[in-house]
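Inspection log for the structure reproduced underneath, given as structure tokens.
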2 protein chains.
Amino acid sequence: MKAPLMTLKVEPIIANTSYQAVFRQLESAILRGDLAMGEPIPTEAGLCDMFHVKRTTVREGIRLLEQSGLVTRGSGRRLIVSAPDARRSSENFIRAATLNRVTLQDLWQVERELEALACRLACEIITPAQLDQLAQNIAQTEQQRHDAKAVIRLDMEFHRLITDAAGNRALAVARDPLGILLYASTDFVVTRLEQATERMIAAHRRVYGAIRANDPEQAVIWMTKHMDDFKRGCIMAGANFDDPIANFVDHDTLAKLLNQKTRAI
Amino acid sequence: MKAPLMTLKVEPIIANTSYQAVFRQLESAILRGDLAMGEPIPTEAGLCDMFHVKRTTVREGIRLLEQSGLVTRGSGRRLIVSAPDARRSSENFIRAATLNRVTLQDLWQVERELEALACRLACEIITPAQLDQLAQNIAQTEQQRHDAKAVIRLDMEFHRLITDAAGNRALAVARDPLGILLYASTDFVVTRLEQATERMIAAHRRVYGAIRANDPEQAVIWMTKHMDDFKRGCIMAGANFDDPIANFVDHDTLAKLLNQKTRAI
DNA sequence: CATTGACTGTTTGTCAGACAAAGATATAGA
DNA sequence: TCTATATCTTTGTCTGACAAACAGTCAATG
């Protein structure tokens, strides 16, 4: 009697609420380009008229829009249409990774590959200005080699500079959160192993040299060594690579890293 | 006169609203584990008491939480705490990629690398059951080789199966949206080039064989060939790889792909 | 003339209270 | 014990209101 119902293939009923409908329509309008980037969205009162719902409903829909990064707060109160930035993607990824028990190993494996790709791509198209930035980064790292926090920050920046130089926006979006999460758990490595910093600087110099010389193979080789070194350092410092990242990163650290300079992709 | 002000480094003032504060606190509670996964969040009335704000404010905060994927609708009306799933990450990435003018080339370069990584990782730990699924997928593709839509779907599934078999959650989250976007623009390749499907099937068979034989190198080689083939096919079919993906994918197609089977990560 | 300051209307953020409908729970009847 | 009904909770939406922040105008001031 009941059995047939179990075998019946049905789609779950999606109870669409009004505020979700408001969100979907505004989302479509933005993706379609009907709401121009940089322009403010209509006023709440205006949206009320358009959708024939009350302000409370409109506002709840706008909150969904806000959190998805399709509108941001400009100087005034009005919300202006904008493209979701890397920071928001990173936030999303970090939340998902933390709660889904992603391990340090998981992150590292992917990051290792993407860094290599970034090196390869960067070789061909890196600009002199970007090369300068890399050189400057290395110089700063050498100067502040005894300031663990500064070293971590500069290491993150080094990798981010290479990713930027690769000129691949998809890569930038994909790698950013990995880098943030991975390096958020680096501090104990740098602080506990004196040589770690020195090895890091040496590796950075090699990678820089290879990219400058437009030698993708060498760049990839050294970057990979650098990443392997990183893992070895973590393990020597007592990290279990199969532990979920939530074990390594406290939320304060993460929040600070996330709120660092945001780069438009 | 004005110059000094321009050089003064100041941070823009962020006017924190109450509903954002509600969101942040609930977010923290979830990430910290104070609100257990699978449990419903407190009722709106309860939250009003806790935060000393009115229901409208609480509700707007909850909308932010909802859109970030930290709560989902269960069977009832109550919102239950949950980890953001791959689908949500994909939605976010797709929005960001579309609006930031990510090109087909960008996507393809990253996807190519991640597919290779997935193959390498899958070799070591793939289960017999997962191998069976791959074999079954290939068989189905052969059967339905003349149904373009089915072929695309099965191709997507093939790559997803390999990613799953790689057992790396970070990889899964990173690759999923790339796959969706990339294959959302494949249909014209398959429909215009008769041989495309045949070459695809052949490549899939090779990759499957290599993974089954636990031969990472061969698996990567064939997967890479497969990806290169894909690009060549697109270009032969008239696609300009440097065009933003928005040019290739219409929103309806995308919506359908996104609403396909969601897999928990 | 450029700047400042006050005035005005608009828009947003928050509050207060209300009600219908959908779920959840309890209660009575088989 | 199980089922069906009644009752209570909770959510989604509406109504109306108000203070604070913002944009614009326009006169006063140096």
Side-chain angles (χ1 to χ4, degrees), chain A residues 1-2 5 10-26 35-36 38-82, chain B residues 1-6 8 10-27 30 35-36 38-82:
Chain A
M1 287 204 170
K2 296 174 194 168
L5 284 179
V10 295
E11 290 182 2
I13 293 172
I14 316 162
N16 278 326
T17 59
S18 300
Y19 66 82
Q20 285 171 334
V22 169
F23 165 64
R24 295 249 167 265
Q25 291 219 30
L26 289 177
L35 285 175
E39 295 290 305
I41 60 175
T43 67
E44 294 175 358
L47 293 172
C48 292
D49 292 342
M50 294 165 58
F51 290 115
H52 296 288
V53 292
K54 291 303 158 188
R55 228 180 109 214
T56 47
T57 306
V58 162
R59 281 177 64 81
E60 291 186 33
I62 291 180
R63 293 306 146 246
L64 298 182
L65 209 60
E66 187 179 0
Q67 186 60 17
S68 67
L70 292 172
V71 295
T72 48
R73 297 177 176 284
S75 61
R77 297 196 139 192
R78 300 289 293 274
L79 291 172
I80 61 179
V81 179
S82 57
Chain B
M1 288 211 167
K2 299 176 196 167
L5 285 178
M6 302 306 285
L8 191 60
V10 294
E11 290 181 3
I13 292 172
I14 318 161
N16 279 325
T17 60
S18 300
Y19 66 81
Q20 284 170 334
V22 169
F23 164 64
R24 296 248 166 265
Q25 291 218 31
L26 289 177
E27 181 194 26
I30 293 174
L35 285 175
E39 295 291 306
I41 59 175
T43 66
E44 294 175 359
L47 292 171
C48 291
D49 291 343
M50 295 165 56
F51 290 115
H52 296 289
V53 291
K54 289 301 156 189
R55 232 181 106 213
T56 46
T57 307
V58 162
R59 280 177 66 80
E60 291 186 31
I62 291 179
R63 293 305 146 246
L64 297 181
L65 208 61
E66 187 179 0
Q67 185 61 20
S68 67
L70 292 172
V71 295
T72 48
R73 296 173 178 285
S75 61
R77 297 196 140 192
R78 300 289 293 274
L79 291 172
I80 61 179
V81 178
S82 57

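For the numbers below, each heavy atom of this structure counts, side chains included, while hydrogens, waters and symmetry mates do not. Residue numbers begin at 1 in each chain, while the letters A, B, ... track the order of the sequences.
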Q. Are B/L47 and B/R55 close enough, and set up right, to give a side chain to side chain contact (heavy atoms under 4.5 Å, CB included), and what steps lead you there?
A. CA-CA 8 Å; B/L47 292 171; B/R55 232 181 106 213; over 6 Å; no
Q | Note: B/R63-B/E66 ion pair, threshold 4.0 Å (strictly below) | A |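 Looking at B/R63 and B/E66, the cut-off is met.
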Q) If we fit an axis to the first five pairs and another to the last five of the helix from C/dC1-D/dG30 to C/dA30-D/dT1, what angle do they make, to the nearest 10°? A)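 Inter-axis angle at the termini of the helix from C/dC1-D/dG30 to C/dA30-D/dT1: 30°.
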Close side-chain approach of [X] to [Y], heavy-atom, < 4.5 Å:
| X | Y | result |
| --- | --- | --- |
| A/V71 | A/L35 | no |
| A/V22 | A/V53 | yes |
| B/T43 | B/R78 | yes |
| A/E39 | A/I80 | no |

Q) Once each nucleotide of nucleotides 13-19 of chain C is scored for protein heavy atoms under 4.0 Å, what B/S/- sequence comes out, 5' to 3'? A) BBBS-B-
Q) Hey, are A/S18 and A/T57 close enough side-chain-wise for a donor-acceptor pair under 3.5 Å? A)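 Note: A/T57 and A/S18 side chains miss the donor-acceptor criterion.
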Q: Round to a whole Å and report the spacing from CD1 of B/I41 to P of D/dT10.
A: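 Answer to the nearest Å: 13 Å.
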Q. Whole Å only: how far is the CZ atom of B/R78 from the C1' atom of C/dA24?
A.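 Distance, rounded to whole Å: 10 Å.
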Q: Check step by step if side chain to side chain contact (heavy atoms under 4.5 Å, CB included) holds for B/I41 and B/I62.
A: CA-CA 10 Å; B/I41 59 175; B/I62 291 179; 4.3 Å; yes
